[in-house]
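Only heavy atoms go into these numbers, but all of them, side chains included; no hydrogens, no water, no symmetry mates. Note that the numbering runs from 1 along the sequence shown for the chain. This is a predicted model, so every value here is computed, not measured. For ligands, and for the atoms within them, numbers begin at 1 and follow the listed sequence.
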Amino acid sequence: MAHKQWFWQTKNTGDVTISKEGIPVHIAIIMDGNGRWAKKRALPRIAGHNEGMKTVREITRSASQLGVKVLTLYAFSTENWKRPKLEVDFLMKLPEEFLSTFLPELIEENVRVEMIGDIEQLPKHTQRAVQNAMEQTADNDGLILNFALNYGSRTELVQAIRAVVKDVKDGALSEQEITDATISRYLMTSHLPEPDLLIRTSGEHRLSNFMLWQLAYTEFFFTDVLWPDFSEKHLIEAIASYQKRSRRFGGLS
Ligand code: FPP
């Protein structure tokens with residue numbers, strides 16, 4: 001008989017139980033705290049990003065095993081270009097590095113790699129790595145590992161509004177047809193369910209221009225753990241917290 005629950009023994013919180021039935025379909029994560037992780041060890045910031053990349057691998061594996069369908073990871077925002085060139089260059093190499101190391105395993109695990117964000121502005125080498133991974137995993141029907149890369153929610157909304165206006169002007173869409181659902185169809189996430197759970201690491205409590213439309217009814221989980229230290233145990237704690245919530249979507253329970 002299939003087990004309906006998983007039990008986790010954790011050092012700080014004792015036993016954590018999560019139910020297999022209530023696994024969030026879509027988890028989105030703002031991976032924060034790489035810089036502070038490095039600073040605490042007197043290492044350069046890029047060492048924190050490198051360690052954060054390893055966490056991406058671990059959390060992808062855990063999410064896949066837990067039966068999560070979509071994992072969206074905020075890897076580079078439209079605002080991150082303001083960082084020093086050395087750091088930006090390093091961050092632009094990370095997708096390549098990650099995929100050159102882990103793509104065969106991701107394929108084996110039936111993971112499908114996707115991205116949201118403006119791919120055109122990324123360096124060619126980053127574009128090639130991401131495109132290649134997306135092509136090679138296009139037929140996989142397991143976890144969707146969705147990287148938000150050069151992504152900004154306001155830019156996404158501006159582009160959506162422009163496309164809606166164009167379609168109205170061209171007669172492809174009437175003003176009455178502009179509804180919630182229509183707007184969602186014009187976003188980069190049109191093919192994905194909205195996130196059920198948003199996790200932000202490192203103790204910051206803000207959205208930083210991430211999925212502003214899509215997170216309207218998402219449950220939030222904030223943890224002080226820095227992204228490089230975030231592990232399966234913390235993911236399980238976030239899911240356990242999510243499973244205790246009563247989601248009413250503006251109605252009554
Ligand atoms: C924010 O932490 C983190 C980022 C801007 C980059 C996140 C990137 C990764 C975790 C690696 C991505 C891996 C792949 C495979 C694309 P921060 O640098 O702002 O940390 P701080 O607030 O402590 O300075």
Exercise. With a cut-off of 4.0 Å, which atoms of ligand 1 are near a heavy atom of F98?
Worked result: 15 (C)

Exercise. Purely on distance, is any nitrogen or oxygen of R45 under 3.5 Å from one on ligand 1?
Worked result: yes

For this session: Report yes or no: does E177 contribute a side-chain atom to a donor-acceptor pair with the main-chain N or O of S174 at less than 3.5 Å?
Result: yes

Exercise. Is there a heavy atom of G33 sitting under 4.0 angstrom from any atom of ligand 1?
Worked result: yes

Exercise. Judging by distance only, is a nitrogen or oxygen of W37 under 3.5 angstrom from one on ligand 1?
Worked result: no

Exercise. Is the CG atom of D170 crowded by more than 12 outside heavy atoms at less than 6.0 Å?
Worked result: yes

For this session: Can you pull out the closest protein heavy atom to atom 4 (C) of ligand 1? Residue, atom name and distance to 0.1 Å, please.
Result: H49 CE1, 3.9 Å

Problem set entry | Test applied, side-chain contact (heavy atoms from CB on, under 4.5 Å); reference residue, Q127; option that passes from L149, L122, N132 | L122

Problem set entry | For T223, side chain to side chain donor-acceptor pair (under 3.5 Å) partners two or more places apart | none

Exercise. Going by distance only, is there an N or O of G35 that falls short of 3.5 Å from an N or O of ligand 1?
Worked result: yes

Exercise. Should I27 and F147 be regarded as members of a common hydrophobic cluster, given that ILVMFWY residues are connected when their side-chain heavy atoms come within less than 4.5 Å of each other, either directly or indirectly?
Worked result: yes

Exercise. Ignoring hydrogens and geometry, is there a side-chain-to-backbone donor-acceptor pair from R200 to R206 under 3.5 Å?
Worked result: yes

For this session: Identify, by atom number and element, the atoms of ligand 1 in contact range of A75, meaning under 4.0 Å from any of its heavy atoms.
Result: 6 (C), 7 (C), 8 (C), 16 (C)

Exercise. What about N80: any of its N or O atoms under 3.5 Å from an N or O on ligand 1?
Worked result: no

Exercise. Taking only heavy atoms of M31, which atoms of ligand 1 are found under 4.0 Å from at least one of them?
Worked result: 1 (C), 2 (O), 3 (C), 9 (C), 10 (C)

Exercise. Among all protein non-hydrogen atoms, which one is nearest to atom 14 (C) of ligand 1, and what is the separation to 0.1 Å?
Worked result: F147 CE2, 4.1 Å

Exercise. Which atoms from ligand 1 have a heavy atom of W227 less than 4.0 Å away?
Worked result: 10 (C)

Problem set entry | Whether E97 lies under 4.0 Å from ligand 1, heavy atom | no

Problem set entry | Closest protein heavy atom (residue, atom, distance) for atom 22 (O) of ligand 1 | R36 NH2, 2.9 Å

Exercise. Nearest to atom 13 (C) of ligand 1, what protein heavy atom do you find, and at what distance?
Worked result: V56 CG2, 3.9 Å

Exercise. Quick one: nearest non-hydrogen protein atom to atom 10 (C) of ligand 1, plus distance?
Worked result: N34 ND2, 3.2 Å

Exercise. If you draw a 6.0 Å radius around CZ in R162, do more than 12 non-hydrogen atoms from other residues or ligands fall strictly inside?
Worked result: no

Exercise. Going through the distances and angles, do W213 and S153 end up as a side chain to side chain donor-acceptor pair (under 3.5 Å)?
Worked result: CA-CA 8 Å; W213 175 277; S153 186; over 6 Å; no

Problem set entry | Side-chain (W37) to main-chain (G48) donor-acceptor, under 3.5 angstrom | no

Exercise. Are there more than 12 heavy atoms of other residues, nucleotides or ligands under 6.0 Å from atom CZ of R154?
Worked result: no

Exercise. Is Y74 in polar range of ligand 1, meaning some N or O pair under 3.5 Å apart?
Worked result: no

For this session: Give, for atom CD of E79 and atom OG1 of T155, the distance between the pair rounded to the nearest 0.5 Å.
Result: 7.0 Å

For this session: Specify the protein heavy atom at minimum distance from atom 19 (O) of ligand 1: its residue, its atom name, and the distance to 0.1 Å.
Result: R83 NH2, 2.8 Å

Problem set entry | Numbering as shown, the atoms of ligand 1 that approach L94 to under 4.0 Å (heavy-atom distance) | 11 (C)

